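Values below: all heavy atoms of this structure, side chains included; hydrogens, waters and symmetry mates excluded. The shown structure was predicted, so the numbers you read here are calculated from the model rather than taken from an experiment. Residue numbers start at 1 and run along the sequence shown.
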Amino acid sequence: KQIIRVKADKSEIIAVNGTVVYYLSAGAWTSKRTGLTAGSKARFSTFLDYVFMVNGTEATAVWDGSGAGFSPSGNASSAPTGKFIENFRSRMWIAGNTTYPDRVYYSSTPSSVVTPEVTWDTSATSGQWIDISPSDGENITGLKRSKNTLLIFKNNHIYRIASISSSEPDPSVNVGTYSQESIVEAKDGLYFHHPSGFYIYSGGQTGEISKPIQDIVDNITVSNYTSICGWEDGDHVYWSVGNITIAGTAYNNLVVRYTISSKLWTHYTYPQQFLVSSPYNDGATIFHLVGDNNGNVLKVNVGLTDNSSELQYSLIHCWYNLDGLVSTEKIVSQLAFAHEGGT
């Protein structure tokens, strides 16, 4: 599954479920591409008022948001197949090709015509591409533009591309990510997950932010590294990390939340694991959407239940001496908690 905004003048959402691409308009889901390979994760990027789609298996395709569906022609004609896509420096960039997993392809700049288009040259000897530390034991796991560079993520390193003629032969950062969906663009930088913790990339520097929840970080399963999904809502960054167990206590479909302003962490559990996310403007409200592993597209922090399941709370606070003395025996007859959003 995948969710994405379509066009600046459109308020539709694209969702890939199984072998079909759907889009939501006027409350109804409509098919826009069929025959996909089940299990091939789809990713999108919008450029020139077209949505570009890759999934690592089928041909790269584009959609202009009109009645017709995705097409491998036009801006996608001769484009490489890949797993990751991003627009940067007035070009489209595609990586994660099966034959060349360390290669980043780039398009031409838009043509000077009434309806601008881009072209592609994927020649193995003279094409438009850059190899990022090929055959170094790690393949590309994500693309994300940042201010003046395109960040190329591998499992344990980040490389930077400044332009088609300027890229780093060696990594600038010695942590990377296993999951493209864990990379979150927030107001103060890019956040992402690595097996050693959660990090922020800002101003060319990387800093670890997750020491307060190191017990959670250490118990995220390796099988969930590639499925971690993140999103933000202004002052918070969230990550869905799957099922974990800490000191014999199981937490199902755990979500951790980092508050940017106060640098505090909170955690939640949900009925299903979230795999993808996107903001969505329905014309009146900007919602934060997630897609779960049961095929649902859900609004986050809306309503009084978790998709009809009761909300579960775990309230933990410091202990208090009511009169300042540990030696005094006290009988507590009643406790009250003040909270927001509870029922």
Side-chain angles (χ1 to χ4, degrees), residues 1-77 79-87 92 94 96 107 115-118 180-181 227 229-231 233 240 270-303 305-308:
K1 308 97 182 163
Q2 179 65 304
I3 308 169
I4 191 173
R5 290 165 289 184
V6 181
K7 298 177 68 176
D9 61 342
K10 299 284 185 179
S11 57
E12 296 141 352
I13 282 292
I14 298 173
V16 177
N17 194 319
T19 63
V20 181
V21 180
Y22 299 92
Y23 91 102
L24 178 66
S25 183
W29 292 100
T30 305
S31 171
K32 286 300 170 184
R33 190 178 185 183
T34 60
L36 302 179
T37 301
S40 295
K41 184 173 288 186
R43 297 181 174 96
F44 304 86
S45 184
T46 302
F47 187 53
L48 301 177
D49 255 356
Y50 285 85
V51 176
F52 289 69
M53 173 185 171
V54 298
N55 72 352
T57 307
E58 273 72 43
T60 298
V62 294
W63 180 44
D64 65 0
S66 66
F70 280 87
S71 170
S73 60
N75 282 301
S77 180
T81 299
K83 298 178 181 179
F84 312 104
I85 189 165
E86 181 65 284
N87 67 78
M92 291 303 297
I94 294 176
S107 73
T115 304
E117 290 190 351
V118 296
Q180 166 78 50
E181 282 64 44
S227 300
C229 160
W231 66 95
D233 65 5
S240 176
Y270 290 89
Q272 301 290 334
Q273 183 177 356
F274 303 144
L275 303 176
V276 291
S277 65
S278 175
Y280 171 53
N281 185 351
D282 70 352
T285 304
I286 297 178
F287 294 100
H288 302 279
L289 302 185
V290 293
D292 70 16
N293 61 358
N294 205 31
N296 299 303
V297 177
L298 306 165
K299 296 175 182 177
V300 179
N301 296 335
V302 174
T305 65
D306 284 332
N307 195 25
S308 77

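- With rounding to the nearest 0.5 angstrom, the CE atom of M92 is 7.0 Å from the CZ atom of F47.
- Summarising the geometry of D64 relative to S66, their closest heavy-atom pair is OD1-OG, 2.5 Å, with the distance given to 0.1 Å.
- Residues L298 and F274 are in side-chain contact: their nearest non-hydrogen atoms beyond the backbone lie under 4.5 Å apart.
- Looking at residues two or more places apart in sequence or on another chain, you find a side-chain hydrogen bond (donor to acceptor under 3.5 Å, both in side chains) between S40 and T57.
- A donor-acceptor pair under 3.5 Å links the side-chain atoms of N75 to the main chain of V118, judged by distance alone.
- Partners of T115 under the side chain to side chain contact (heavy atoms under 4.5 Å, CB included) rule, at least two apart in sequence or in another chain, are Y50.
- A pairwise comparison of heavy atoms in T60 and V54 identifies OG1-CG1, 3.5 Å as the closest pair.
- Here the closest heavy-atom approach between residue W231 and residue C229 is recorded as CZ3-O, 4.0 Å.
- Residues satisfying the side-chain hydrogen bond (donor to acceptor under 3.5 Å, both in side chains) criterion with T37, sequence neighbours excluded, are E58.
- For the residue pair V62 and A76, the shortest heavy atom distance occurs at CG1-CB, 3.9 Å.
- The side-chain hydrogen bond (donor to acceptor under 3.5 Å, both in side chains) check on S73 picks up S71, with sequence neighbours excluded.
- Ring pair F70/W63 is tilted by interplanar angle, where 30° to 60° counts as tilted.
- Using a 4.5 Å cut-off on side-chain heavy atoms (C-beta onward), M53 and L36 make contact.
- Formation of a donor-acceptor pair under 3.5 Å by the R33 side chain with backbone atoms of G69 is not found in this model.
- Between F52 and I94, the closest side-chain pair of non-hydrogen atoms is not below 4.5 Å.
- Of the possible donor and acceptor atoms, none in the side chain of S45 sits under 3.5 Å from a partner among the backbone N and O of I85.
- T81 approaches A59 most closely through the heavy-atom pair OG1-CA, 4.1 Å.
- Scored by the side-chain hydrogen bond (donor to acceptor under 3.5 Å, both in side chains) test, T19 finds no partners at all (sequence neighbours excluded).
- Between I13 and W29, the shortest heavy-atom distance links the atoms O-CZ3, 3.8 Å.
- In this structure, S240 contributes its side chain and Q273 its backbone to no donor-acceptor pair below 3.5 Å.
- Scored by the side chain to side chain contact (heavy atoms under 4.5 Å, CB included) test, Q272 finds D292, N293, N294 as partners (sequence neighbours excluded).
- Relative to the six-membered ring of F287, K299 meets both conditions, a distance below 6.0 Å and an angle of at most 45° to the axis.
- Taking CG of N17 as the reference point, atom OH of Y22 lies at 6.5 Å (rounded to 0.5 Å).
- Between V21 and I14 the shortest side-chain heavy-atom distance falls below 4.5 Å.
- A heavy-atom distance below 4.5 Å is found between the side chains of R43 and K83.
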